[in-house]
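To keep things clear, I will list the structure first and then write my remarks on it.
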Amino acid sequence: MKNSHTADNSSPPAPILGFVANSGTGKTTLISQLIPILNERGLKTGLIKHSHHDFEIDQPGKDSYRLRKAGASPVVLVSSHRRAVITELDGNEPTLAEQLGCFPPGSVDLVIVEGFKHTFYPKIELHRAELNAPFLYTNDTSIIAIASNTNFSTELPHFDINKPKQIANFIIDQFLKATE
């Protein structure tokens with residue numbers, strides 16, 4: 001099945017790159033290794049992580065929780081260290097294009113996306129042989145590279161999933177040198 005959704009990136013805040021894989025492959029682990037490498041190279045990296053679970057970012061007993069439960073949306077919790085924007089959604093699946101609106105133009109150099117795998121935008125597939133899962137790139141033409149712990153034959157660029165510096169070099173070459 002080919003992708004049925006397309007990100008509306010007519011004016012994205014920065015280049016967008018996703019990481020997709022089956023559960024348990026290590027998307028978050030790899031991304032958490034890549035971000036410091038990219039930051040060390042002078043890039044400000046934003047992130048969108050899609051979750052299929054309901055979650056609470058604020059907790060009962062906190063003012064922000066009480067105010068959100070009273071009906072305020074969005075609730076912006078801010079200090080000199082960080083800002084959190086908590087917005088109640090209508091229960092429909094969010095789109096990547098909607099989430100990109102959280103990044104004002106010029107605020108980041110790269111938006112990394114974990115998830116939204118059925119949306120058409122550039123992605124790197126992560127694959128671990130021991131999970132015995134099929135590759136996603138065979139049905140997703142928006143996958144531009146693969147990071148794996150096994151060798152296989154493909155025309156796509158292929159990297160060792162355990163060598164994040166290789167992947168960071170690819171990201172810089174593909175996405176950021178073109179915007180300089």
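- In this structure a side-chain-to-backbone donor-acceptor pair under 3.5 Å is present from Lys123 to Lys117.
- Exactly one of Ile37, Ile112, Leu110 qualifies for a side-chain contact (heavy atoms from CB on, under 4.5 Å) with Ile171. That residue is Leu110.
- In summary, the aromatic rings of Phe116 and Tyr121 are positioned with their centroids too far apart to meet the 6.0 Å limit.
- With hydrogens and angles disregarded, a donor-acceptor distance shorter than 3.5 Å links the side chain of Glu125 to the backbone of Leu136.
- Counted within 6.0 Å of CZ on Arg41, heavy atoms from surrounding residues, nucleotides or ligands total more than 12; the atom is thus considered enclosed.
- Formation of a donor-acceptor pair under 3.5 Å by the His158 side chain with backbone atoms of Thr150 is found in this model.
- At least one donor-acceptor pair under 3.5 Å links the side chain of Ser148 to the backbone N or O of His127.
- Gln99 places no side-chain N or O within donor-acceptor distance of the main-chain N or O of Pro94, the cut-off being under 3.5 Å.
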Q: Test Ile124 against Phe170 for side-chain contact (heavy atoms from CB on, under 4.5 Å), laying out the working first.
A: CA-CA 10 Å; Ile124 295 177; Phe170 173 78; 4.1 Å; yes
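- A search for salt bridge (charged side-chain N to carboxylate O under 4.0 Å, His left out) contacts involving Lys165 returns nothing, not counting sequence neighbours.
- Taking all atoms of both residues into account, the shortest heavy-atom contact from Phe19 to Leu126 is CD2-CD2, 4.0 Å.
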Q) Hey, mind stepping through Thr141 and Phe120 against side-chain contact (heavy atoms from CB on, under 4.5 Å) and telling me if it holds? A) CA-CA 8 Å; Thr141 59; Phe120 191 85; 3.3 Å; yes
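- Taking the side-chain contact (heavy atoms from CB on, under 4.5 Å) definition, one finds that Glu130 meets it with Arg128, Asn149, sequence neighbours left out.
- Taking the side chain as every heavy atom from C-beta outward, Asn169 and Phe159 never approach each other to under 4.5 Å.
- Counting only heavy atoms from C-beta outward, the side chains of Pro164 and Leu30 approach each other to under 4.5 Å.
- A heavy-atom distance below 4.5 Å is not found between the side chains of Asp109 and Leu38.
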